[in-house]
Amino acid sequence: MGSQGGFYQSKEFLDLVKSIGEARSKAEEDRIVLNEIETLKRRISEPDIPKRKMKEYIIRLVYIEMLGHDASFGYIHAVKMTHDDSLLVKRTGYLAVTLFLNEDHDLIILIVNTIQKDLKSDNYLVVCAALNAVCKLINEETIPAVLPQVMELLAHPKEAVRKKAIMALHRFYQKSPSSVSHLVSNFRKRLCDNDPGVMGATLCPLFELIARDVNSYKDLVISFVSILKQVAERRLSKAYDYHQMPAPFIQIKLLKILALLGSGDKQASENMYTVVGDIFRKCDSSSNIGNAVLYECICCVSSIYPNPKLLESAADVISRFLKSDSHNLKYMGIDALGRLIKISPEIAEQHQLAVIDCLEDPDDTLKRKTFELLYKMTKSTNVEVIVDRMIDYMISINDNHYKTEIASRCVELAEQFAPSNQWFIQTMNRVFEHAGDLVNIKVAHNLMRLIAEGFGEDDDNADTKLRSSAVESYLRILGEPKLPSVFLQVICWVLGEYGTADGMFSASDITGKLCDVAEAYSNDETVKAYATTALMKIYAFEIAARRKVDMLPECQSLMEELLASHSTDLQQRAYELQAVIGLDAHAVACIMPSDASCEDIEVDRDLSFLNDYIQEAIEKGAQPYIPESERSGMLNISNFRNQDHHEASSHGLRFEAYELPKPAVQSRIPQTLIASTEIVPVPEPMYPRESYQTTMPSIPSDAGSAELKLRLEGVQKKWGRSTYTPATSTSNSTSQKTVNGTSQGDGASTVSSMRETYDSRKPQVEVSHEKQKLAASLFGGSSKTEKSPATGHKAAKASSHVVKSHVPKSSLEVASEKATPAQQPPDLLDLGEPTATSTALQLDPFKQLEGLLDATEVASAVNGAPAASRSPDIMALYADTAAGIHNKNDADLLSGLSNPSVTNMPGTTAMPQVTQSSSKGPNPKDSLEKDALVRQMGVNPSSQNPNLFKDLLG
């Protein structure tokens, strides 16, 4: 050892290992390890640590990780060691990194570059260390970074490097088959490598490739057989021998590959017979590795096309395995025998006694393997012995999972190979009695179906004897103190169906037993339900046979109890029993025929038995039924189903790709307006310039927002809603009133065009009814239901969220609107009944702005619709102040409206220039006072300033 300890480690490290080995408790071990972690944290962070010391610290970190403690604080130091030029330090770093990190760790990215450099190193030991790290750390994303270097190493002069390169490619194939699918031909080439180690490493990826696609590698059968023959004849060097067996692991892998290639292929199998027979003869069975090769030969013989001589040789080997004193060899013999009986069942008969002897062995693993073999070996001649053994073993074990498996196998074997009905019933009783509720409910249902269907198709006597035997045995078993619930369900069902069928037992005896079961297991509602149904069957069969039914007192008390039960199922069964007892014999025979549990139920989908009733009703004047597809003017329920399906699908994630942006369309919109507001041009019919200029000020804008907006020419908006536009501030009420002083039809056309601009940009997605309601309640938009007229400035807010588009107006409609004289608006404060003589324009501008009226309604209202059908001109009331102000200089207004710096567009806020100019806008307080005065006086603003009105209309 020396003063520095063994393996060139310090005495401190050896003392650590010794103290942990001598720890008497987990708590003491944890205390030692935690102290070591604190020491390493302090020392590993010191500057200028010698390489020998750092290497020891990393090894101590590996030891700490092996004991289950966290050493992540030292991971980065292990990564740094991989960059060192010293071979010993580098290999230590690679070893630690492969143990510390996984392929998805964040530090992997720091190692890839080092691995790439080391793969090109002249020192093959460095290359091997890098290849070891490649197999452990490279993930699917980093495979392309090192794949070219690994491919070059397949031709490296050193066999160790070639072998590890094959292993790296195999690892790449396991992680991402698509990344190396074009390189699988290299495995074929390396199969002919001069070094047996490289050839043996190639067998592993070839085995996986052949398992996925056998037909693509059928041409390699001769090559594999040739290699196996050379190995078996000891042509390899002694270095590959293991316990005097020539390259046994290569032989085992080759036998696995030949088993895949020869499965179901007689021609390929014929090439294998000779070499497999030679291995059977030459293989040494005195060592474990020799027995492993023999076992693999048996597996190969059971997979390829059968050969009598090979089957005989395999049977001899199996016989030696079963007669051995080693539990491992017996286990191998049992497993090998289970493979061969699929091909040659007579082989199993020769070893039946040896297999039964394995059941007496105390080794529980060997017992379970033997029962698997017995399950495959069972026939009608040995079913009694095998099933009895299985049931005895089931009773003795406590493993509920395996108990359930054995119970289901016993039931299956009894159903297939039962020698007599009496034995079958006794076997089922034992299984249910000892397996308890662990038996799958399907097993109980299969048993009930089997008893109902019987064994023979034409032998009714055998079926009757089976059922009578079941009834007799179940009546005897009911005396047991505690029975499983599943077993009780079977008993109640059998007694209800066949309790009185053969006449051996009276109805009172059977019903009394059933009532006792329901009373004894009162907490089990399922058992009580089965018992109640069984009672109903017994009484129904008695009534159908026209025999007198005397209900026992315990049955009456049970029925009274169930009629008041909290369980609706039990209550319904009790009411059905009460109803059946009150029916006549013919009705009972029709609804509950005897022994009809397995009869096919015929369903009359057309309800033809009601034809006479329907015809009689129609003759008395009833309306005939109209099929859903022929109904007109009625709600179709399928529409609602389709709507619900569409709404459910519309709420899910959308995986459609984004649409490409459409090219910009040239329009006649003034460039000044586009430059200042960044509105997307829309290819719609063009409107007069004046309509844009008079409408835009109704939406606020911001002077400084033009520079901050994105340029969206030609970009189609796919997601979201339009930008929220707040209500118009009082600072630009001058422009607002000017607009309100114009014809309402003109304003409607411009607002309609703005809506179409928004609608052309929004995605054409059908909005569900729930979303429409939600939008209407929150924002007042996208609702098909007509809203009540808004009042005051809230109407302007609501108008900014409108998404319903209107048909644009034609030039003739605009001209007719110009020719329509302005009318006196009604007094809004007058709450009396409207008169028919009112001449006010009955078009509510707030509804018009909110998009709730069709374009035809707007046109009809403007072009002389009856006064009673038009909405009052609310916005025109603001025009008196505007007219009074702009009479001074009408040209200034028009120039101001056409000025891009003060033009308001959607999505912007009020311009600072308009806010600062107090001479061009009224005081907010004065505006409100004049507003109220105008409403009371009913003044028509357009009549006060007709010249300005005409100028604005062009």
Side-chain angles (χ1 to χ4, degrees), residues 1-103 105-119 121-138 158 160-161 164:
M1 287 290 187
S3 60
Q4 293 188 356
F7 306 104
Y8 304 100
Q9 303 301 328
S10 66
K11 186 176 183 301
E12 185 180 1
F13 178 49
L14 296 178
D15 290 340
L16 171 66
V17 176
K18 182 180 178 181
S19 61
I20 291 177
E22 294 176 352
R24 298 183 178 181
S25 64
K26 185 67 169 65
E28 183 179 356
E29 177 187 310
D30 292 343
R31 179 180 55 80
I32 297 172
V33 173
L34 291 177
N35 291 335
E36 178 68 13
I37 289 176
E38 294 299 325
T39 302
L40 289 176
K41 281 183 179 180
R42 184 177 64 256
R43 294 184 179 182
I44 208 169
S45 60
E46 296 176 355
D48 301 330
I49 303 176
K51 294 181 180 180
R52 183 177 60 83
K53 282 287 186 182
M54 180 58 73
K55 182 172 72 70
E56 180 182 321
Y57 293 159
I58 294 299
I59 293 175
R60 288 160 75 169
L61 287 175
V62 172
Y63 190 51
I64 289 173
E65 285 266 338
M66 290 170 56
L67 295 174
H69 294 265
D70 180 34
S72 58
F73 62 90
Y75 289 177
I76 188 63
H77 298 281
V79 173
K80 290 179 181 179
M81 288 183 66
T82 61
H83 304 162
D84 199 276
D85 295 333
S86 173
L87 176 61
L88 185 60
V89 175
K90 182 183 287 288
R91 294 183 67 178
T92 305
Y94 273 126
L95 173 64
V97 164
T98 54
L99 295 175
F100 286 156
L101 308 182
N102 57 62
E103 61 183 21
H105 200 277
D106 295 336
L107 295 178
I108 294 297
I109 194 65
L110 302 178
I111 309 175
V112 174
N113 190 31
T114 305
I115 291 176
Q116 289 178 324
K117 183 184 68 174
D118 291 341
L119 288 176
S121 175
D122 296 332
N123 190 336
Y124 79 96
L125 295 177
V126 174
V127 176
C128 290
L131 286 172
N132 288 336
V134 163
C135 295
K136 293 283 187 178
L137 302 178
I138 296 300
K158 283 291 184 178
V161 176
K164 290 184 181 296

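Worth saying up front: this structure is predicted, and the values here are computed from it rather than measured.
- Between Val62 and Ala96, the shortest heavy-atom distance links the atoms CG2-CB, 4.1 Å.
- Between the side chains of Asn123 and Ser121, no donor N or O sits under 3.5 Å from an acceptor N or O.
- The residue from Met54, Glu56, Lys55 that alone fulfils the side chain to side chain contact (heavy atoms under 4.5 Å, CB included) condition with Ile49 is Met54.
- The minimum heavy-atom distance between Leu107 and Ile111, with the atom names listed, is O-CG1, 3.6 Å.
- Rounded to the nearest 0.5 Å, atoms CZ (Arg42) and CD (Glu38) are 8.5 Å apart.
- Of all non-hydrogen atoms in Gly74 and Leu61, the two that sit nearest each other are CA-CD1, 3.7 Å.
- The distance from the CG atom of Leu110 to the NE2 atom of His83 is 6.5 Å, given to the nearest 0.5 Å.
- Ala78 and Ile58 make their closest contact through N-CD1, 3.9 Å (heavy atoms, listed as atom of the first residue, atom of the second, distance).
- Considering CG of Leu131 and OH of Tyr94, their distance stands at 9.5 Å, rounded to 0.5 Å.
- A 6.0 Å sphere centred on NZ of Lys26 holds more than 12 heavy atoms belonging to other residues, nucleotides or ligands.
- The environment of OH in Tyr124 is sparse: at most 12 heavy-atom neighbours from other residues, nucleotides or ligands sit within 6.0 Å.
- The minimum heavy-atom distance between Ile37 and Asp70, with the atom names listed, is CD1-O, 3.9 Å.
- The structure places CD1 of Ile32 at 11.0 Å from CG of Asp15, a figure rounded to the nearest 0.5 Å.
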Exercise for the section: Walk me through it: do Arg60 and Glu12 pass the test salt bridge (charged side-chain N to carboxylate O under 4.0 Å, His left out)? Expected result: CA-CA 10 Å; Arg60 288 160 75 169; Glu12 185 180 1; 3.4 Å; yes
Problem - side-chain contact (heavy atoms from CB on, under 4.5 Å) between Glu36 and Tyr63, worked out - result: CA-CA 11 Å; Glu36 178 68 13; Tyr63 190 51; over 6 Å; no
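- In this structure, NZ on Lys53 lies 6.5 Å from CZ on Arg43, to the nearest 0.5 angstrom.
- Taking each heavy atom of Leu101 and Leu137 in turn, the nearest pair found is O-CD2, 3.8 Å.
- Screening Asp84, Asp85, Asp118 against Lys90 for a salt bridge (Lys or Arg N to Asp or Glu O under 4.0 Å) leaves a single residue, Asp118.
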Problem - Test side-chain contact (heavy atoms from CB on, under 4.5 Å) applied to Asn113 and Lys117, step by step - result: CA-CA 6 Å; Asn113 190 31; Lys117 183 184 68 174; 5.6 Å; no
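- The backbone N or O of Ala71 lies less than 3.5 Å from a partner atom in the side chain of Glu65, making a donor-acceptor pair.
- Between the CZ atom of Arg91 and the CG atom of Leu125 there is a distance of 5.5 Å, given to the nearest 0.5 Å.
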Problem - Steps toward side-chain contact (heavy atoms from CB on, under 4.5 Å) verdict (His69, Asp30) - result: CA-CA 9 Å; His69 294 265; Asp30 292 343; 3.2 Å; yes
